[in-house]
Amino acid sequence: MEAEAAVVASALREAGAVVGGHGRPGDDVRALAHLATLLPGWGEEELAARGAALAAQLGDFDGDPELEGIQDRMAHAARAALPLSGTPAFADAVLARLGVDGVRDLLTALGRAADPATSPVAALLASVLGVASSGGPSWAVVDAPYAGAQGVSVDLTVAGMTAVLAAGAVPGARGLRPATVALWTRQFLLLDKAEGRRVGERVTYRWSSELADPVAVGMGVLARSGAPHVVAGLLEEAAVWTEALSRWWRDGGDAFGELVHQLRLDDSSTGARAVRVALEVIGSGLTPGDLSARTVRRDTVDAVSSSLAHAVAAHVPVAVEALSVGVDGLLRNGGAPLRALGYLSVGSGGAAAMQEAILDWSRDRPVEPGDASSFSPAPAVAIPAAYMAAREYGQRLDHALDAYEIKEEAEAEAERWDKTFGLLGFLPGPWGLVGGVAEGSAAIALGMDGRFDAGVDRGLRFDADDAVDVASAATSPDRSVDLAALDEQARAAFARTGRALGDVAAPVSEESDLAAVFADGLRGLAQERVVRALKLLRGGD
């Protein structure tokens, strides 16, 4: 009997496979999905009816006080319908019946789940949102701003959206369209900025490290979607760059770096705008001086600098535009893109990629030294020379930024010292003198007086000779070039760019002075005696 049963079961599996069956319960649903796909137009009415029925069933779970029961029943219903979720007719019916509020309720329910990583509900939503008919009645549901809804627990909703993103990214699963992933990621970023906190993380950090940061999840999914034009569309907005570069990343910025790397693959004007905006945000936000005045985090900029440098190389006209200061002396956009180029060139890999792209650009342009001069050098000479001036600025800027960070750390330590041991100088009478001198001497000996050592600037050095060498390398061997004129133009372009950028100096620590510490103690003691004398003259105690 067992042998006969096995033969029959095998025959039934083979027969069912013709219409998409697996020989397991639920083959009726799989067969319907298979035939609906195989025969366009056939079965759409049945698919739509089943989609509407599922949406009604999922909607009935809202408000049930037995949360554990809700999750189990939702999962069972979604799992049974998953084979149909990849058909537009079914997806449109589900979304039309649920509407924006119904989908938001499901997202919020996912946020309440203990671990939605393998949730059938998340997989179902990812699939139906991903295959819904573009421009149809259900499209408003796909395009809704779920992360910014009023009157709901936004953390739970964002957590549910994160679960859907992750479920759609599983190999073999149907996920959201890249445009929807970009839309959700943008909503996460701007909501974080508006709220002043990591929205959703108070929920997602309990699930797993991979889902802890909703923004990183969205960026990772988008980076792997193979849609660089969509990536460029997201990154052409200054607010997105500012928020992304000003935040601390749990993954060290890896997901953001993967996304930025996609910009090199988009050769459209959108990709060029995204690169230009990135340079403007970095150049205006990463400045020497007070760290609190910076609008971007240096460690985050460093995490994406290599990817962005290669994107600049792919969109070399953006770099040429900033480096045109070597031709006419005019800074574009306040010089922010040029300063950013200099900083990106500190990394050897990014510097080489940008330099090679600039040289390739120059080789395609006429040198024409007879028509140019040091006052108006040929762009084919001036652009590479200006790039060397930007590299020189970037090296000095890198050291200055290091020095200001060391200075701020030393000042913070001195402030903590002053609020503790520094109080010894406020003891009454001679004890204040003794305490103040002892405290001041100890602060100097222990390096807690605000002094700092920024170290020696060991960065690379570039001068006019390097500019001449690079400009010479930009000329094709078969050209007849006036070397004296090329030399003059390259040096002039290098100097002009350097003047436009200006000097960037690292802070210098003040010297410690024990005599000043003792003098301050005596001055404080004398002031105290004068105050006491005045009180006595006025009849005070």
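Because only heavy atoms are used, hydrogens play no part in the values below, and waters and symmetry mates are left out as well, while side chains stay in.
Judged by distance alone, the side chains of D290 and S292 do bring a donor and an acceptor atom under 3.5 Å apart. A donor atom on one side chain and an acceptor atom on the other are found under 3.5 Å apart for T108 and T157.
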Under 3.5 Å, sequence neighbours excluded: what are the donor-acceptor pairs made by side chains of residues 120-141?
residue	atom	partner	partner atom	Å
S127	OG	S85	O	3.0
S127	OG	S85	OG	3.0
S133	OG	D92	OD2	2.6
S138	OG	D92	OD1	2.9

Side-chain donor-acceptor pairs under 3.5 Å in residues 341-349, sequence neighbours left out?
residue	atom	partner	partner atom	Å
Y343	OH	R298	NE	3.0
Y343	OH	D302	OD1	2.6
S345	OG	G342	O	2.6

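Looking at I358 and V316, their side chains come closer than 4.5 Å, going by heavy atoms from C-beta outward. Between L176 and V142, every side-chain heavy-atom pair lies at or beyond the 4.5 Å cut-off. Between P214 and E201 the shortest side-chain heavy-atom distance falls below 4.5 Å. Counting heavy atoms from C-beta outward, T497 and L323 have side chains that stay 4.5 Å or more apart. Under the 4.5 Å side-chain criterion, counting only non-hydrogen atoms from C-beta, H315 is not in contact with R276. Side-chain contact between S324 and L330: absent, with no pair of heavy atoms (C-beta onward) separated by less than 4.5 Å. Considering only heavy atoms from C-beta on, L234 comes within 4.5 Å of L259 through its side chain.
No side-chain donor-acceptor contact under 3.5 Å links W361 to the backbone of E356. Although no hydrogens or angles enter the test, the distance criterion places no donor-acceptor pair under 3.5 Å between the side chain of Q262 and the main chain of G226. One N or O on the side chain of Q187 and one on the backbone of A147 form a donor-acceptor pair closer than 3.5 Å. Checked by atom type and distance alone, the side chain of R496 pairs as donor or acceptor with a backbone atom of V327 at under 3.5 Å. The main-chain N or O of A223 is never found under 3.5 Å from a side-chain atom of E258 such that the two would form a donor-acceptor pair.
Taking CZ of R104 as the reference point, atom OG of S153 lies at 12.0 Å (rounded to 0.5 Å). Once rounded to the nearest 0.5 Å, the distance linking CE of M74 with CG of L54 reads 10.0 Å. Distance OG1/T204 to CZ/R206: 9.5 Å, rounded to 0.5 Å. Rounding to the nearest 0.5 Å gives a distance of 8.5 Å between CG of L308 and CZ of F256.
With salt bridges taken as basic N to acidic carboxylate O contacts below 4.0 Å, none links R250 and D254. Salt bridge annotation for D213-R247: present, with a cationic side-chain nitrogen under 4.0 angstrom from a carboxylate oxygen. E45 has no carboxylate O lying under 4.0 Å from a charged side-chain N of R50, or vice versa, which leaves the two without a salt bridge. In this structure, E195 does not pair ionically with R202, as no charged nitrogen and carboxylate oxygen lie closer than 4.0 Å. The residues D143 and R177 are annotated as not salt-bridged, no charged nitrogen and carboxylate oxygen being separated by less than 4.0 angstrom.
Ring geometry for H261 versus H310: interplanar angle over 60°, hence perpendicular rather than tilted (30 to 60°).
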